[in-house]
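Here the structure comes first, spelled out in structure tokens, and everything after it is commentary.
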Amino acid sequence: MLTAFARAFKTPDLRKKLLFTLGIIVVYRVGTHIPIPGVDYRNVQTCIDAAQANQGLFGLVNMFSGGALLQITIFALGIMPYITASIILQLLTVVIPRLEALKKEGQAGTAKITQYTRYLTVALAILQGTGLVATARSGALFQGCPVASQIVPDQSIFVTITMVITMTAGTAVVMWLGELITDRGIGNGMSILMFISIAATFPSALWAIKEQGSLAGGWIEFGTVIAVGLVMVGLVVFVEQAQRRIPVQYAKRMIGRRSYGGTSTYIPLKVNQAGVIPVIFASSLLYIPALIAQFSNGTSGWKTWIEAHLVRGDHPIYVSLYFLLIVFFAFFYVAISFNPEEVADNMKKYGGFIPGIRAGRPTAEYLSYVLNRITWPGSLYLGLIALVPTMALVGFGANQNFPFGGTSILIIVGVGLETVKQIESQLQQRNYEGFLR
């Protein structure tokens, strides 16, 4: 692997792409440490050091922003508005005929949908920025911190608008940086930035476990967490690469004097067809009741019940709902992202068929049957990956959004595999051995 890295940097065009990507990453990380105007940075650091900074309601979003959210920097919102906008547009494509028609138009339609995604990202950034500023002003961002209400000393309208505009502009810059990586760097830009945001929280979170440990100065807990993380990464790599290959045969066609078709290929159906989307959906949905309870006044019964059962990540009710929601959203997302009837129609149009299955409706029914069969183990795998590391790490004193938790492992492994494959393909085009031998 080290030889492959050396060869990657020896290739001029690939070296330029890698260095450009690293440069954008440095710019992104610098932006996550620049505070926005109107924030008392000393009080923020006091609350982060004294309070349970990563264990609150905003822990997941803070992880995706590389720790910038709770520090209220110019990149505080990170790439979450873009991810949310992308998911919303992908869901609306199935519902709105206009978007579905754009999707079928090829590159021109995709460019239009991307433009809509950018507009929606800015709108969501304004909404989320306003919510974050309001939360910081009220002191609810750091519950239990004595100076939480003094994070924003000047609460005038002008300062509030300036803070929201700054965070919205920061989100637009992050979106632009991601697109620059996609166009001129290596890999998908947004995925790379998400990868860096999660990886940036590794050192502090691991060291916190070592500091909180009691066996051999915390080194035993530290080593155990590292070992569990490596095992989970290996398991995720194994399952993420697993797929069911459905053979497809294309009949020969004579057009003039030439023969076309007659080839054999396959349709790869991944065991985890939905990726990490169900985990993000389930986490976001479970945060809604806790968010409502946090901003409501009084001590009503429903608020007490939510705070007792749906805020703690290790509560049995929270764990059960989390697992069931992941399974549900796995089936839901696969149903809207993969259309067996469309695949069957395209195969029939070009003379393709599955051996032993008639073309048309029987092919669509067979694809739907196979998809449902492999989605079950895929959804159960997602639920276990999201919960087992979390429960184990909570026992060591880590928070539920620790980097070796389920969501972060899925994202890191998925992005890492795709990036390595892209470098691999470019190395093999130059007759070099790649990473995967």
Side-chain angles (χ1 to χ4, degrees), residues 57-61 63-64 79-96 99-100 103 117 120 124 128 190-191 194 198 232 235-236 239-240 242-244 269-292 306 309-340 342 367-391 400-401 405-415:
L57 182 64
F58 305 96
L60 182 67
V61 183
M63 181 185 69
F64 281 127
I79 56 175
M80 282 302 290
Y82 185 86
I83 295 173
T84 307
S86 300
I87 294 174
I88 291 174
L89 262 296
Q90 193 169 5
L91 296 176
L92 291 179
T93 302
V94 185
V95 180
I96 301 177
L99 293 177
E100 187 175 2
K103 185 179 180 181
T117 305
L120 184 58
L124 290 176
Q128 294 179 11
M190 294 301 170
S191 300
M194 188 189 305
I198 296 174
M232 298 307 298
L235 176 63
V236 171
V239 178
E240 289 294 321
Q243 56 182 221
R244 168 73 182 275
L269 295 179
K270 295 180 63 175
V271 173
N272 181 22
Q273 191 83 4
V276 74
I277 299 298
V279 180
I280 297 176
F281 275 13
S283 303
S284 303
L285 195 62
L286 279 178
Y287 277 153
I288 293 176
L291 185 64
I292 296 175
I306 288 177
H309 299 88
L310 296 182
V311 174
R312 290 175 50 201
D314 56 346
H315 195 279
I317 295 180
Y318 181 94
V319 170
S320 302
L321 286 176
Y322 192 28
F323 184 84
L324 293 176
L325 285 173
I326 289 174
V327 173
F328 168 75
F329 281 121
F331 278 92
F332 175 75
Y333 187 79
V334 169
I336 67 172
S337 62
F338 186 88
N339 190 348
E342 183 179 350
L367 291 174
S368 179
Y369 169 76
V370 173
L371 194 63
N372 286 332
R373 290 286 296 271
I374 67 173
T375 301
W376 270 112
S379 61
L380 296 178
Y381 146 80
L382 278 178
L384 292 175
I385 286 294
L387 292 176
V388 172
T390 300
M391 300 304 298
Q400 58 181 323
N401 295 312
T407 308
S408 53
I409 284 182
L410 290 169
I411 293 174
I412 286 178
V413 172
V415 175

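Please read all numbers here as calculations on a predicted model, not as lab measurements.
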When the side chains of residues 371-380 are checked against the rest of the protein, which donor-acceptor pairs come out under 3.5 Å, sequence neighbours left out?
from	atom 1	to	atom 2	distance (Å)
Asn372	ND2	Ser368	O	3.2
Arg373	NH1	Tyr369	OH	2.3
Thr375	OG1	Leu371	O	2.5
Ser379	OG	Thr375	O	3.1
Ser379	OG	Trp376	O	2.9

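- Qualifying ring pair (Phe, Tyr, Trp, His ring centres under 6.0 Å) partners for Phe329, counting only residues two or more places apart in sequence or in other chains: Phe281.
- In this structure the side chain of Ile411 never reaches within 4.5 angstrom of the side chain of Val279, judged on heavy atoms.
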**OP:** Decide yes or no on side chain to side chain contact (heavy atoms under 4.5 Å, CB included) for Arg244 and Val370, but give the supporting numbers first.
**Re:** CA-CA 9 Å; Arg244 168 73 182 275; Val370 173; 3.7 Å; yes
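- Side-chain atoms of Val236 and Asn272, non-hydrogen and from C-beta on, never get closer than 4.5 Å to each other.
- The shortest distance between side-chain heavy atoms of Glu100 and Lys103 does not fall below 4.5 Å.
- The two residues Ala85 and Leu124 come nearest to each other via the heavy atoms N-CD1, 3.7 Å.
- Remark: Leu384 CG to Met232 CE distance equals 8.5 Å, nearest 0.5 Å.
- Rounded to the nearest 0.5 Å, atoms CD1 (Ile277) and CD1 (Ile87) are 4.0 Å apart.
- Note that the CG atom of Leu99 and the CD atom of Gln90 stand 11.5 Å from one another [nearest 0.5 Å].
- For the atom pair CE (Met194) and CD1 (Ile83), the distance works out to 3.0 Å, reported to the nearest 0.5 Å.
- Rounded to the nearest 0.5 Å, atoms OG (Ser191) and CD1 (Ile412) are 12.5 Å apart.
- Residues meeting the side chain to side chain donor-acceptor pair (under 3.5 Å) test with Gln243, sequence neighbours left out: Arg245.
- Annotation: the span from Leu235 atom CG to Glu240 atom CD amounts to 9.5 Å, rounded to 0.5 Å.
- The minimum heavy-atom distance between Ile326 and Gly383, with the atom names listed, is CG2-N, 3.7 Å.
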